[in-house]
Novice: 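There's a structure below that I have some questions on.
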Amino acid sequence: MTTDKIYQQQSEEKPFRFNEEVAGVFPDMLRRSIPGYAATIEAIGSLAARYVRRDTNCYDLGCSLGAATIAMRQGIRVPGCRIVAVDTAPAMTIRCEEIIAEDDRRFSPPTSVDVVEADIRNIDIANASMVVLNYTLQFLALEDRDALMRTIHHGLNDGGLMVLSEKVIDENAEMEQLLVDLHHEHKQRNDYSALEISRKRAALENVLVPETVGAHRDRLMSAGFRHVAVWLRYFNFVSIIAIK
Ligand code: GEK
């Protein structure tokens, strides 16, 4: 795994982008930056085993290098399924295809995967039993989020599951500051310097737009989901499951 040193070197201020430099260090970046990331990937495998139905589609929206896709594929226990892994960044989809091809060669899994370079706001979702957005919705403009949740709800079969993992903010300013501090300390324990942390924070400003857990819950209920629960929280990162 290549070590993420992007903000050791990059001092000029420019917004964060999912380019080749980021794709090259991505697994290390997520592992060191997102508290609970490994737990979400593990749970996606367990949830796939429970919720994916035979002859249905699964979606990994904002798949990056396909970590959640591979977890879903390993978890699926039924025949006739297909996973559609979507990302808008070519640097991600090109590598993701290579990683999936390697997984195919090594394990010949029964579930097929289509890696698609597309904007998740423009894709069709149909006959779905599981949809994953693992830290992706946070990168969409706020005004586009309701429509995407409605599209996902519409494309899910009854009893289908969505996993939504996000960075969040707290309504209470003091709590918000505490959670941000705890997250930054977590990054320092994972060998990011204070300077790297502050440069990355500036680069993500207006690129990653977090909302409160309450705002996510309200949106999911208005989109029509019957059950919504936070199953993981680690500082200012949560993972939510919603069932149609
Ligand atoms: C994982 N899920 O390892 N359409 C498609 N993709 C998008 C869009 C969009 N509109 N906006 C952003 N992305 C992965 C990690 S990373 C999380 C997901 C992070 C993509 C973007 O290109 C990137 O690959 C991904 O969403 C977010 O479980 O970097 O914090």
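We count ligands from 1, going down the list as the structure has it; atoms in each ligand are counted the same way.
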Novice: Does K200 make a cation-pi contact with Y7 (under 6.0 Å, within 45 degrees of the axis)?
Specialist: no

Novice: Considering only protein heavy atoms, which is closest to atom 10 (N) of ligand 1, and at what distance to one decimal place?
Specialist: D119 OD1, 3.1 Å

Novice: Nearest to atom 1 (C) of ligand 1, what protein heavy atom do you find, and at what distance?
Specialist: Y37 OH, 3.4 Å

Novice: Does any N or O atom in Y135 lie less than 3.5 angstrom from one in ligand 1, N or O only?
Specialist: no

Novice: Below 3.5 Å, N or O to N or O, backbone or side chain included: is there any such pair between N134 and ligand 1?
Specialist: yes

Novice: Hey, is the main chain of A126 close enough, under 3.5 Å, to the side chain of Y59 for a donor-acceptor pair?
Specialist: yes

Novice: For the atom pair CZ (R150) and CZ (R219), what is the distance rounded to the nearest 0.5 Å?
Specialist: 10.0 Å

Novice: Report yes if the side chains of T2 and D28 come closer than 4.5 Å at any heavy-atom pair, otherwise no.
Specialist: no

Novice: Do any nitrogen or oxygen atoms of I41 come within less than 3.5 Å of a nitrogen or oxygen of ligand 1?
Specialist: no

Novice: If you measure from each non-hydrogen atom of T40 to ligand 1, which part falls under 4.0 Å: side chain, backbone, both or neither?
Specialist: neither

Novice: Which residue in the set Q177, H183, H184 passes side chain to side chain donor-acceptor pair (under 3.5 Å) when paired with D181?
Specialist: Q177

Novice: Who's the nearest protein heavy-atom neighbour of atom 12 (C) of ligand 1, and how far?
Specialist: F139 CB, 3.8 Å

Novice: Would you mind listing which atoms of ligand 1 come within a distance below 4.0 Å of any non-hydrogen atom of F26?
Specialist: 16 (S), 29 (O)

Novice: Starting from atom 29 (O) of ligand 1, what is the nearest protein heavy atom, named by residue and atom, and what distance separates them?
Specialist: F18 CE2, 3.1 Å

Novice: Run the side-chain contact (heavy atoms from CB on, under 4.5 Å) check on H216 and L137 step by step: do they pass?
Specialist: CA-CA 10 Å; H216 286 297; L137 189 69; 4.0 Å; yes

Novice: Contact between A118 and ligand 1, counting heavy atoms under 4.0 Å?
Specialist: yes

Novice: What protein heavy atom lies closest to atom 22 (O) of ligand 1? Include the residue and the distance to one decimal.
Specialist: D87 OD1, 2.6 Å

Novice: What residue and heavy atom of the protein are closest to atom 14 (C) of ligand 1, and at what distance?
Specialist: G62 O, 3.5 Å

Novice: Given side-chain contact (heavy atoms from CB on, under 4.5 Å), test I120 with L133 step by step and report yes or no.
Specialist: CA-CA 10 Å; I120 57 174; L133 289 103; 4.2 Å; yes

Novice: Look at the side chain of E171 and the backbone N and O of T212, then say whether any donor-acceptor pair between them is shorter than 3.5 Å.
Specialist: no

Novice: Measuring only between side-chain heavy atoms, which start at C-beta, is M130 closer than 4.5 Å to I76?
Specialist: no

Novice: In ligand 1, which numbered atoms sit nearer than 4.0 Å to a non-hydrogen atom of A89?
Specialist: 22 (O)

Novice: Among protein heavy atoms, which sits nearest to atom 4 (N) of ligand 1, and what does the distance come to when rounded to 0.1 Å?
Specialist: I120 N, 3.0 Å

Novice: Is there any N or O on L140 that sits under 3.5 Å from an N or O of ligand 1?
Specialist: no

Novice: Could you tell me the residue and atom name of the protein heavy atom closest to atom 18 (C) of ligand 1, and the distance to it rounded to 0.1 Å?
Specialist: S64 OG, 3.2 Å

Novice: For the pair D191 and R32, evaluate side-chain contact (heavy atoms from CB on, under 4.5 Å) and give the outcome as yes or no after the intermediate values.
Specialist: CA-CA 8 Å; D191 293 323; R32 289 163 65 210; 4.0 Å; yes

Novice: Closer than 4.0 angstrom: is that true for some heavy atom of Q138 and an atom of ligand 1?
Specialist: yes

Novice: Could you state the interatomic distance from OH (Y135) to OG (S239), rounded to the nearest 0.5 Å?
Specialist: 6.0 Å

Novice: Please lay out, stage by stage, how D4 and E196 fare under the test side-chain contact (heavy atoms from CB on, under 4.5 Å).
Specialist: CA-CA 10 Å; D4 169 24; E196 284 176 280; 5.7 Å; no

Novice: If hydrogens are left out, which of T88, I44, V163 has an atom nearest to atom 6 (N) of ligand 1, that is, the closest non-hydrogen atom?
Specialist: T88

Novice: As an exercise, identify every atom of ligand 1 less than 4.0 angstrom from a heavy atom of M92.
Specialist: 24 (O)

